[in-house]
2 protein chains.
Amino acid sequence: MDNSYRKYIEAQAKIFKALGHPARLLMVDALRSGEKCVCELQSLTGLDMSTVSKHLSLLREAGVVSSEKRGTSIYYRIALCCLDSFLACSSEMIKCRVLQECSMIQNCP
Amino acid sequence: MDNSYRKYIEAQAKIFKALGHPARLLMVDALRSGEKCVCELQSLTGLDMSTVSKHLSLLREAGVVSSEKRGTSIYYRIALCCLDSFLACSSEMIKCRVLQECSMIQNCP
DNA sequence: TTGTTATTTGGTAAATAAGCAAAATATATG
DNA sequence: CATATATTTTGCTTATTTACCAAATAACAA
């Protein structure tokens with residue numbers, strides 16, 4: 001297998017991995033409505049400040065979010081523009097599966 | 001926090017988590033060109049058959065792929081339609097970051 | 001200087017995931 | 001029916017991830 005292809009797959013996997021944790025996805029989902037400082041994300045998740053900081057640096061390294069310091073706080077925002085349409089689309093799939101499990105429909109589109 | 005929202009976040013995270021592993025993403029990427037049987041995915045990854053099977057059931061449970069038995073083989077295909085445009089978009093971001101690291105450009109869009 | 005906000009480091013404990021090997025489960029086909 | 005083929009399941013070991021705490025560090029505002 002081509003080496004640059006392997007690197008590409010690993011970079012993509014890194015993005016997915018970063019998003020594949022409830023606390024991190026919760027924070028990212030909150031950022032969809034606009035930038036937030038770390039303290040806001042901490043009270044949202046209820047985690048230790050150092051834990052939140054670690055999660056955020058992981059998201060930043062993967063390219064999912066970016067940060068900017070203004071005044072005494074650091075503000076995070078979504079950097080991966082494609083995320084919004086993906087979440088909208090996959091949430092349709094999730095809704096559909098719930099309805100299927102409840103036997104309210106037979107097939108998902 | 002709302003309980004149904006928590007379930008939604010967990011289902012979304014499950015999708016990302018499933019995609020956040022190089023071997024699984026490699027298989028999913030191969031499925032973009034059309035369905036494949038497990039044996040083809042095994043020779044692609046070079047992993048043990050039982051390991052491939054586990055990876056595939058994880059992807060299926062998350063709703064990323066679906067499977068169908070035909071003849072003696074089981075064929076897997078992509079079930080999450082939104083994946084294609086997301087991969088196309090995020091690969092642009094990845095390319096851009098590589099160029100940035102090589103100092104060939106200053107800023108990513 | 002002192003307080004605030006956030007990051008980093010180091011250490012520990014618990015939970016989860018990865019991988020292989022062997023057993024089990026279909027399901028074709030002779 | 002017997003046997004070969006394709007895939008899944010189970011059991012096990014090892015590796016990775018996660019959370020938390022505490023302490024050190026950094027940047028900056030008042």
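A note on names: the letters A, B, ... follow the listed sequences, proteins ahead of strands, and every chain is numbered from 1.
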Neighbour count >12 (heavy atoms, 6.0 Å) for atom NZ, A/K36: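 For A/K36, atom NZ is crowded (more than 12 foreign heavy atoms under 6.0 Å).
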Salt-bridged, A/K95 to A/E92, with N to O below 4.0 Å? yes
Is the closest basic N to carboxylate O distance between B/R70 and B/E35 below 4.0 Å? yes
Which heavy-atom pair separates [X] from [Y] by the least distance, and what is that distance?
{"X": "A/I105", "Y": "A/C96", "result": "CD1-SG, 3.6 Å"}
{"X": "A/F86", "Y": "B/L80", "result": "CZ-CD2, 3.8 Å"}
{"X": "B/A30", "Y": "B/S33", "result": "O-OG, 3.0 Å"}
{"X": "B/S90", "Y": "A/I15", "result": "CB-CD1, 4.1 Å"}

Under 4.0 Å from any atom of DNA chain C, heavy atoms only: list the residues of [range] that qualify, in numerical order.
{"range": "residues 31-53 of chain A", "result": "A/C37, A/V38, A/C39, A/M49, A/S50, A/S53"}
{"range": "residues 8-30 of chain B", "result": "B/K17, B/H21, B/R24"}
{"range": "residues 54-66 of chain B", "result": "B/K54, B/H55"}

Indicate, with a heavy-atom threshold strictly under 4.0 Å, whether A/Y75 touches base, sugar-phosphate, or nothing.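 No contact.
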Ignoring hydrogens and angles, state whether a donor on the side chain of A/D29 or B/Y5 is under 3.5 Å from an acceptor on the partner side chain. yes
Looking only at the side chains, is there a donor atom on one of B/S91 and A/Q12 sitting less than 3.5 Å from an acceptor on the other? no
Could you tell me which residues satisfy ring-ring contact (aromatic ring centres under 6.0 Å, His included) with A/Y75, sequence neighbours excluded, listed by chain and number?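 Checked A/Y75 against ring-ring contact (aromatic ring centres under 6.0 Å, His included); zero matches.
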Walking along DNA chain D from 5' to 3', note the first and the last nucleotide with an atom under 4.0 Å from a heavy atom of chain B, and give both. D/dA6 to D/dG11
On the nucleotide C/dT5, are OP1 or OP2 found under 4.0 Å from the side-chain N or O atoms that A/Y76 carries? no
Would you say B/I74 and B/V28 are hydrophobically clustered, going by side-chain heavy atoms of ILVMFWY under 4.5 Å?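 Yes, one cluster joins them.
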Hey, any chance A/V98 and A/L25 share a hydrophobic cluster, counting ILVMFWY side chains that come within less than 4.5 Å of each other, even indirectly? no
If you look only at distance, which donor and acceptor atoms sit under 3.5 Å apart when one is on a side chain in residues 51-65 of chain B and the other is two or more places apart or in another chain?
from  : atom 1 : to    : atom 2 : distance (Å)
B/H55 : ND1    : B/R24 : NH1    : 3.0
B/S57 : OG     : B/K54 : O      : 3.0
B/R60 : NH2    : B/Y76 : OH     : 3.1

